[in-house]
Amino acid sequence: MLRNKLRFLRNIGIAAHIDAGKTTLTERVLYFTGKSHRMGETHNGNSQMDTQKQEIEKGITISSAATHTEWTYDDSTYLLNIIDTPGHVDFMIEVERSLRVLDGMVTLFDAVAGVESQTETVWQQAARYQVPVIAMVNKMDRIGSDFFEVVRQIKTQLGANALAIQIPIGEEDAFEGVVDLIEMKAIYWNKDGKVLEAREIPVFLLEDALKYREILLEALSLFDENLMNQYLENPEEINAEQLKFILRQAVLNREIVPVIMGAAYKNKGIQTLLDAVCDYLPSPLDRGAIEGIDPETEATIIRHPDEEEPFSALAFKIALDDQNRQLCFFRVYSGTLKIGDFIRNPRTGKKERVGRLYQMHANKRKEIQAVQAGDIAATTGLKDVRTGDTLCAMDELLVLESLFVPPPVISMAVEGRRSDQLEKLGLALSKLQLEDPSFKVQVDQVTGQTIMLGMGELHLEIIIDKLKEDFDVEVNVGSPKVAYQELLSKTVRHKQRLKKQNGGPGSFAVIDVMLGPADEEFLASEAHVKDGQRLQFVNKIVGGKIPKDYIPGVVSGFTKMLENGVLASYPVQSLKVELLDGDTHSKDSDVRSFEMCAVEAFKAVAMQMEPRLLEPVVVVEVSTPEEYLGNILGGLSRRRGIILSQELMHQHIQIRAEVPLSEMFGYINHLRTVSAGRANYSMKFNHYAPLPEQMAAEVLTK
């Protein structure tokens with residue numbers, strides 16, 4: 001029974017650049033599938049998926065929202081678990097954790113703007129987890145829309161094998177339908193988009209339809225030898241089911257991205273999108289088994305999407321409900337979980353009892369009795385669980401791959417307005433960190449200030465608003481500051497001796513180490529890029545000079561020192577430690593002694609490694625009418641920007657530049673002034689680069 005259910009299950013996400021229409025599309029999907037009886041609108045503040053106060057006020061999605069619905073297609077009923085994700089760069093962690101557990105993705109493109117900066121980020125995230133993709137070109141009813149230009153950009157800018165499986169009938173406000181190149185029929189929507197009608201392809205479009213059908217057949221024939229032979233000998237005998245099967249396999253293998261279109265706000269393209277999701281995006285069976293690691297032996301463990309296998313799941317999101325209670329969202333990969341069952345969290349080793357299980361519809365819950373492989377659900381009552389934790393059967397432990405969390409790039413000092421709220425502020429910040437892995441809190445070792453770190457100004461602005469609205473804590477905040485890093489630029493050999501005797505057991509450790517920047521290979525590795533590891537440790541001890549049991553102390557000591565560099569207590573980007581030699585004492589040596597010895601070794605030679613400050617650099621995309629181009633280019637240059645490209649797109653110039661993040665504070669006000677409010681911009685973190693010496697001196701002085 002489960003295999004049949006899984007065959008018709010689709011776990012999908014909807015992702016795109018901000019304002020491409022993701023939430024609008026999700027609202028239409030819920031309406032057309034019968035899940036809701038009204039269509040909410042983001043701009044009216046009544047969207048079913050954007051329920052947080054901050055989302056309603058700002059008209060943007062801040063937190064990913066999960067829902068479920070059903071769609072009847074080809075005499076079968078498909079269950080759709082859908083996650084609507086944010087498009088703003090500051091909230092990309094929401095897309096990251098959604099894609100970690102989803103089987104397929106619908107990427108939305110603005111028919112006028114085409115491929116935008118956050119589209120590229122979303123695309124990279126999908127590639128990281130090998131998620132198959134369908135592309136939908138939205139807003140086809142807008143002036144300046146160009147379906148084929150967007151297909152071209154998907155190919156050139158994203159490097160995807162994009163393949164149009166529809167062509168438009170009508171342009172801009174005359175957009176009224178599509179030609180389906182698989183079925184070779186015309187599909188029309190009525191004025192309100194709710195009625196769909198299939199007709200013969202109109203004569204004036206027949207030549208174009210045949211042309212693009214030819215392109216489709218050529219592309220698909222590369223993936224199937226039988227189709228290749230048919231295409232060369234009897235192309236008229238090729239049927240739609242045959243093409244769908246071949247296209248589906250190519251999509252599952254991420255070899256083709258089929259491109260369709262619509263105008264979600266006008267209700268056009270919703271039914272054809274849902275059909276395409278059923279036809280081409282994978283079920284949990286298509287995604288197959290998942291690999292985990294035995295936490296004790298580190299052996300690989302395989303779990304299949306089968307109710308008879310041991311339970312395994314990944315907690316991909318921790319949210320706070322309206323009473324600030326913890327709600328854990330998880331994806332089940334194998335087995336069955338029922339109310340009252342005990343499970344284990346390998347990170348803590350603790351067992352947890354499942355009190356309640358919920359099927360979610362945005363902020364609404366429906367209590368359910370059990371979940372099985374393939375399901376996405378939520379639970380309350382787990383005492384110690386974080387985003388990325390594995391949940392598994394009590395005696396069948398494994399650890400699943402967690403998820404990538406980007407480093408914060410901006411910081412801000414915060415303090416409670418009233419002294420009696422200090423404890424309340426600390427508790428609120430702890431809960432917000434648990435909810436949002438990209439939000440960090442630390443205490444400045446010099447000033448004692450509480451520092452919030454996040455992904456951008458808007459991110460921290462939302463956090464401050466949540467402190468006030470959700471936790472009743474009003475705060476004073478400092479000006480936003482850049483989250484610099486410290487780069488070690490020289491390798492130094494050093495021998496450190498620790499000997500302490502205070503009566504009774506003492507501390508003794510000797511280490512001989514080579515310290516310096518990590519190798520390029522390490523910096524390019526998955527461990528550094530994806531998992532965020534910054535310590536490259538090489539153990540060259542021979543002959544048992546330091547017992548193996550003491551080595552973790554050395555690693556722990558140097559790892560701690562990465563959090564606060566020596567120039568201005570900024571995190572150290574990376575450190576390579578080669579442990580060459582050492583010595584112990586029969587009674588006074590232990591793990592703690594070697595940890596302290598490593599700390600002292602780093603402090604002793606940190607300045608000899610010639611640390612430098614690194615600053616975060618962002619990629620900025622500005623879209624402007626041509627008459628303001630000169631002023632905008634001049635403004636970016638004054639901000640130490642490097643212009644990467646300029647491209648004419650739909651009567652606007654698209655400027656792409658690399659600019660230090662520190663220069664982008666307040667940029668929106670400048671842009672509005674020099675363009676009479678007609679230009680707009682977006683930015684995303686790109687990399688860290690050395691800060692010029694004079695500017696570094698100013699930062700250190702402050």
Side-chain angles (χ1 to χ4, degrees), residues 89 117 121 405-412 440 442 444-446 451 453-457 479-492 514-525 527-536 558-559 561-577 602-603 605-621 633 635-645 656-667 683-702:
V89 62
S117 59
T121 302
V405 179
V409 296
I410 188 173
S411 67
M412 183 183 290
K440 307 291 183 185
Q442 63 186 36
D444 189 299
Q445 299 299 320
V446 178
I451 307 296
L453 299 98
M455 303 309 297
E457 289 181 90
S479 301
K481 295 182 179 179
V482 172
Y484 295 102
Q485 289 187 355
E486 297 187 17
L487 169 71
L488 306 174
S489 53
K490 187 177 179 181
T491 298
V492 177
M514 193 78 78
L515 304 179
D519 297 337
E520 291 296 327
E521 293 81 359
F522 175 79
L523 295 176
S525 70
H528 178 71
V529 175
K530 187 173 180 180
D531 299 336
Q533 294 181 24
R534 290 181 285 154
L535 179 67
Q536 180 186 4
F558 284 115
T559 300
M561 299 313 295
L562 293 176
E563 297 307 314
N564 298 101
V566 292
L567 287 178
S569 295
Y570 292 115
V572 177
Q573 186 192 54
S574 70
L575 171 67
K576 181 178 181 181
V577 177
F602 183 86
K603 289 179 178 178
V605 298
M607 292 306 295
Q608 295 177 41
M609 290 186 281
E610 299 180 1
R612 296 181 60 189
L613 283 186
L614 298 175
E615 64 176 343
V617 176
V618 296
V619 171
V620 180
E621 286 195 359
L633 290 175
L636 290 171
S637 296
R638 286 190 293 275
R639 285 175 162 76
R640 297 191 285 136
I642 299 173
I643 308 301
L644 302 177
S645 64
R656 188 178 174 89
E658 285 185 354
V659 188
L661 176 64
S662 61
E663 304 287 353
M664 292 302 295
F665 294 143
Y667 181 66
M683 66 179 185
K684 66 174 181 178
F685 169 74
N686 189 257
H687 66 280
Y688 272 87
L691 186 65
E693 288 187 15
Q694 183 177 348
M695 301 188 73
E698 293 175 7
V699 171
L700 295 177
T701 300
K702 291 179 183 178

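We use all heavy atoms of the structure for the numbers below, so side chains are in, but hydrogens, waters and symmetry mates are not. What you see is a predicted model, and the numbers here were worked out from it, not measured in a lab.
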Output the distance between atom CG (Leu575) and atom CG (Leu535), rounded to the nearest 0.5 Å.
5.5 Å
Do other residues, nucleotides or ligands put more than 12 heavy atoms under 6.0 Å from Ile642 CD1?
no
Locate the shortest heavy-atom distance separating Thr491 from Pro517; write the atom from each residue and the value.
OG1-CD, 3.7 Å
Nearest 0.5 Å, please: how far is CG in Asn686 from CG in Leu661?
12.0 Å
Stepwise side chain to side chain contact (heavy atoms under 4.5 Å, CB included) test for Val659 and Val617
CA-CA 6 Å; Val659 188; Val617 176; 5.9 Å; no
To the nearest 0.5 Å, how far apart are CD in Gln533 and OG1 in Thr559?
9.0 Å
Inter-residue atom distance Tyr688.OH - Gln573.CD, 0.5 Å rounding:
9.0 Å
For Leu453 and Ser411, the nearest pair of non-hydrogen atoms, with its separation, is CG-CB, 4.0 Å
Could you walk me through whether Asp519 and Lys576 pass the side chain to side chain contact (heavy atoms under 4.5 Å, CB included) test, one step at a time?
CA-CA 7 Å; Asp519 297 337; Lys576 181 178 181 181; 2.9 Å; yes
Working note: Met683 + Val619, criterion side chain to side chain contact (heavy atoms under 4.5 Å, CB included); need CA distance, chi angles, decisive distance, verdict.
CA-CA 5 Å; Met683 66 179 185; Val619 171; over 6 Å; no
Within-4.5 Å side-chain heavy-atom neighbours: Val577 and Met514
no
Closest approach of Pro616 to Val482 (non-hydrogen atoms, all atoms of both residues):
CD-CG1, 3.1 Å
What distance separates Leu567 CG from Leu700 CG, expressed to the nearest 0.5 Å?
5.5 Å
Is the closest side-chain heavy-atom distance between Leu613 and Pro690 below 4.5 Å?
no
Could you tell me whether the side chain of Arg656 reaches within less than 4.5 Å of the side chain of Val620, counting heavy atoms only?
no
Enter the distance from Leu636:CG to Ile643:CD1 here, rounded to the nearest 0.5 Å.
5.0 Å
I need the minimum non-hydrogen distance between Ser574 and Leu562, along with the two atoms involved.
C-CD2, 4.4 Å
Is there a donor-acceptor pair closer than 3.5 Å between any side-chain N or O of Arg639 and the backbone N or O of Glu663?
yes
Would you check if the side chain of Ser569 reaches a backbone N or O of Asn564 as a donor-acceptor pair within less than 3.5 Å?
no
I'd like to know if the side chain of Glu486 reaches the main chain of Ala568, judged simply by a donor and an acceptor atom lying under 3.5 Å from each other, with no hydrogens or angles considered.
yes
What one should report as the nearest heavy-atom pair of Pro408 and Ala483 is O-CB, 3.7 Å
Set of ring pair (Phe, Tyr, Trp, His ring centres under 6.0 Å) partners for Tyr667, sequence neighbours left out
His670, Tyr681
Ring pair (Phe, Tyr, Trp, His ring centres under 6.0 Å) filter on Tyr484, not counting sequence neighbours, yields Tyr570
Minimum-distance pair of heavy atoms, taken over all atoms of Pro692 and Glu615
CD-OE2, 4.1 Å
Listed by chain and number, what are the salt bridge (Lys or Arg N to Asp or Glu O under 4.0 Å) partners of Glu563, not counting sequence neighbours?
Arg534
Identify whether the distance between the nearest side-chain nitrogen and carboxylate oxygen of Arg640 and Glu658 falls below 4.0 Å.
no
Are Ile410 and Glu457 side-chain neighbours, meaning at least one heavy-atom pair lies under 4.5 Å?
yes
